[in-house]
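Below is one structure; the comments refer to it alone.
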Protein chains: 2
Amino acid sequence: MLLTDRQLLILQVIVDDFIRSAQPVGSRSLSKKEEISFSSATIRNEMADLEELGYIEKTHTSSGRIPSEQGYRYYVDHLLSPQVLNQQDISIIQSIFAEKIFEFEKIIQRSAKILSELTNYTSIVLGPAVSINKLKKIQIIPLNKETAVAIFVTDTGHVENRTFSLPASVDASDLEKTVNILNDRLAGVSLEDLNDKIYKEVAMLLRQHIHNYDLMLHSIADSLKMPATEKLFFGGKTNILSQPEFHDITKIRSLLTMIDQEEWIYNLIRKESAGIHIKIGRENNNSIMDNCSLITATYSAGLENLGTIAILGPTRMEYSRVISLLQFLSKDLTAVLTKLYQNK
Amino acid sequence: MLLTDRQLLILQVIVDDFIRSAQPVGSRSLSKKEEISFSSATIRNEMADLEELGYIEKTHTSSGRIPSEQGYRYYVDHLLSPQVLNQQDISIIQSIFAEKIFEFEKIIQRSAKILSELTNYTSIVLGPAVSINKLKKIQIIPLNKETAVAIFVTDTGHVENRTFSLPASVDASDLEKTVNILNDRLAGVSLEDLNDKIYKEVAMLLRQHIHNYDLMLHSIADSLKMPATEKLFFGGKTNILSQPEFHDITKIRSLLTMIDQEEWIYNLIRKESAGIHIKIGRENNNSIMDNCSLITATYSAGLENLGTIAILGPTRMEYSRVISLLQFLSKDLTAVLTKLYQNK
DNA sequence: AATTAGCACTCGGTAACTTGGAGTGCTAAC
DNA sequence: GTTAGCACTCCAAGTTACCGAGTGCTAATT
C-alpha cells in the first residue's frame, strides 16, 4: 500500500522533529508547524494509519509518536532532502588536506577526528589495506648474532617491519645475496602474495646460491605472514555519552566495549560496494547496535577501492548532514589519494 | 596526635570493608566482625574521634562512615598488609612472557591487557622511550623522483620511518654516498641526539662529497625531528563503567575523554623515581581524577629506567592487590627486558 | 575512668498516592 | 473528508508516610 502525500509529509516532519528534539512528537505540536495546514484531529487519524503500517510507534498508550526503524528506513530512502554543507564545514574538512603530507595514516587519522567533531557522533575509518600495496624494497638488518629485522617498503611509502631470529649458520654474505635475490624477484609483488611467491619462485634460486638456504627461507617467510588487517582509526569515541537516549550505563558499556574490540568493528564495517551505505538499528545484525545506525562510505585511489569511513550514532541521527559530510570527505580523500598513488 | 591501636584497627576495618562493599560502614556491623571485641557504642565514640581527625567521613548525618582521602592515605602508608598473589594470578602474568617475542610493543600491550583483566580497573602502560635507543642503521629508499622514505633501525630492533620530499637535483649516487656517510657517522648515536649530530658533524662531510648537499641535509634533518613521545598502551578503558561509584554519566564522560587524550595521561603519569607511587584523589592535581586513585610502578632494563605501568581506579581501590600485581609485573618486565637489552 | 546499654533523633530510600499535562481515540457535527 | 469536542490514558513530578540503619548522648555498669 502506498502512502499518500499527506502521510509522507507527516512522516517526514515527525522524523525531522524527533531527530532534532529526541522527544515523541504529538499531533498538536505537529499541527502548529508551518508546513502543516490541517487540524490535529486529522493528523491523529493519519498517524494511526502510519502506525498501523509500521512507520511510527508510541512509547506508551498516550504518548506522541517516534519513528520506527522502518520509518527511518523509508525516510532515508525516500524523504531525505540532501543537505548542502555550509562553507564552514567545507573549509574544516579541507583543512585535513591543507598540510603537505606523505603518509596516509596522518590524513586518515585527522579525517576521523574532524568527522567526529563535525557530527558529534563516533567516527570510524578503516585505513587502506596494506596488503594490496606492491613491494618496493626489502632490507634485512642484523641486530646481533641471533636476530635481524626485515623491512618491507611498499610503493606507497608504507613501511612494515618484522624481527626474526637468524639461523646461526648464516653469514653476512649469505644475507646480502638473499636480500638481492629477494629484491630482484619480489619487487612489484603485492604484500599479500609475497609468501606464495617466495616459495614458488625464490626458493629455487636461493637453493642455488645459499648454503643452508632452507633455514633462511623459513625464517623470512615466517616473518612475512603479514597480519593483513587494515588499521582502524576512531574519533569521538565518547560522543555517544552525550546522546540523551543513552542514559543506561550497561548499554553504554557494551557499545564502548564493542568499539574497543577491532574484530567487532570489522564485522560491522565489512567491505561493501562503493558508495554510501546506511544500516539502521537491527539491520546491523548485532544487538549491541540496537538504537544505533551506521553510515559508511568508501574511498579509493584511481579505481581501487581502498577503505571505508563510517559514522556510528543513534538511530535518531542527522542522516542528511552525515551523508553529505561523508560524501564530501570521501570524494576529497579519493582525489588526494588518487593523486598520491599516481605519483608512485 | 597519634592514633591508638584500637583506632587503627577500626580505621583499617572500615577501609577494608568499604573497599569490598562500597557501602558506608556502621558501628553495628563493625562490632559484629571477628577482629572487633568491643561494643558498637565504643566504636561510635572512636569513630567520632577518627572523623574529627579527618580520617573518615559521613555521607549524611546519620549514615555510616567512609574513608576520607586522608584516611586512604594513612591506610596505604601504614595499614596495608601486602597481599600475596595466588598461583593463578602469577601464572597469568607469566603467560605474558611465555611466547618468544622480539618486540617490546607486543609484550607491553599484552601487559596492559592482562593487568586490566586481573584488576578490573583501567591499566596504562607507558612504553619505553624510543629516543634513547641507539641508531643501528639508516636506509633511504626512493619511492619516485620526488619522494623517499628514510628508515631508522635502532639497536633494539625498533624501526622508525619518515617520508620526505627529495630535492630534484639529487641522483642515486648522491643518495648512496649520503647514506654511507650517515651510517658511518651516526651509528650508535641515540635517536634524540641525531639531529644535533647531523648538523655538527655530518654537514661538513656532506659538503665535501655531495653536490647540493644543503638541500639534502635539510630534507633529511627535517624528517628526523622525531616525535619523542613514548607510546601509551591501555587496557580495560571501560572498566570504570562497572564501578558503582561512577553512575554519573558526565563524570564518566570526563574520565573517558581524559583517557583518550594522551597529553593528559602524560601529565598524570609523569616520569617518577623508580618504585611504586600512589596518588589518591586530589593528590593527582586534576579535578577529573577526583574519587580516583592512580598507582604507578616503573620498569627498566639494566640500570636504565624505561617506562611506567599504572592502574587507574576509584579511590576505593584494592590497593594491596594492585600494588602486589604491579610489583610483580614490573619485576618480570624488568627481568625480561634486561635480558633482551643485554643481547643487543 | 573506661565501657556499654538504652533511647531519642536524623536522614535516605521506597512505596503509595495525588495531580497536572500532554497526548490519544472516538464520536458527532460541519 | 475534515474537524471540534470530550472522555480516557499514562507519565512525570510532587507529596506524604514509613521503615531501617545509623548516630550522639546520657546514665548505668564494670
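Values reported hereafter were calculated over all heavy atoms of this structure, with side chains retained and with hydrogens, waters and symmetry mates removed. Note on naming: letters A, B, ... go to the chains in the order of the sequence lines (proteins, then strands), and numbering restarts at 1 for each one. Bear in mind the structure is a predicted one, so any value in this text is a computation, not a measurement.
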I want to check one thing: is the phosphate of [N], taken as OP1 and OP2, less than 4.0 Å away from some side-chain N or O of [X]?
| X | N | value |
| --- | --- | --- |
| B/Lys58 | D/dG24 | yes |
| A/Thr42 | D/dT3 | yes |
| A/Arg65 | C/dA22 | no |

Indicate yes or no: at least one non-hydrogen side-chain atom of B/Ile19 is less than 4.5 angstrom from one of B/Tyr75. yes

Do B/Ile278 and B/Ile323 have side-chain heavy atoms sitting under 4.5 Å apart? yes

Provide, to the nearest angstrom, the distance between the [atom1] atom belonging to [X] and the [atom2] atom belonging to [N].
| X | N | atom1 | atom2 | value |
| --- | --- | --- | --- | --- |
| B/Ile14 | D/dG22 | CD1 | C1' | 13 Å |
| B/Glu51 | D/dG22 | CD | P | 15 Å |
| B/His60 | C/dC9 | NE2 | P | 19 Å |
| B/Leu50 | D/dG24 | CG | P | 12 Å |
| A/Asp49 | C/dC26 | CG | P | 12 Å |
| A/Glu57 | C/dT24 | CD | P | 15 Å |
| B/Gln23 | C/dC11 | CD | C1' | 15 Å |
| A/Ile10 | C/dG23 | CD1 | P | 15 Å |

Reference residue B/Leu294; test side-chain contact (heavy atoms from CB on, under 4.5 Å); the match among B/Asn286, B/Ile280, B/Asn284, B/Thr122: B/Asn284

With a 4.0 Å cut-off on N to O distance, would you call A/Asp290 and A/Lys251 a salt bridge?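 Between A/Lys251 and A/Asp290 there is no salt bridge, as every charged N stays at least 4.0 Å from the carboxylate O atoms.
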
Heavy atoms under 4.0 Å, any strand shown: does A/Ser63 hit a base, just sugar-phosphate, or nothing?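 The answer is sugar-phosphate, as A/Ser63 gets under 4.0 Å only of primed atoms, P, OP1 or OP2.
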
Any side-chain to backbone donor/acceptor pair from B/Tyr266 onto B/Leu232? Under 3.5 Å, distance only.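 Checking the backbone N and O of B/Leu232 against the side chain of B/Tyr266, no donor-acceptor pair under 3.5 Å is found.
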
Return yes if the base of D/dT9 and the side-chain atoms of A/Ser62 contain a donor-acceptor N/O pair under 3.5 Å, otherwise no.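 Result: at least one qualifying N/O pair found.
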
Using only heavy-atom distances, decide whether a donor-acceptor pair under 3.5 angstrom links the side-chain of A/Arg44 to the base of C/dG25. yes

From the list C/dG25, C/dT24, C/dG6, which nucleotide is the closest neighbour of the side chain of A/Ala48?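 When the side chain of A/Ala48 is considered, C/dG25 is the closest of C/dG25, C/dT24, C/dG6.
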
Hey, which sits more toward the 5' end of DNA chain C by its nearest nucleotide, A/Gly64 or B/Asn45?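 Closest to the 5' end, via its nearest nucleotide, is B/Asn45.
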
Which residue lies toward the 5' end of DNA chain C, B/Thr61 or B/Ala41, if each is placed at its nearest nucleotide? B/Ala41

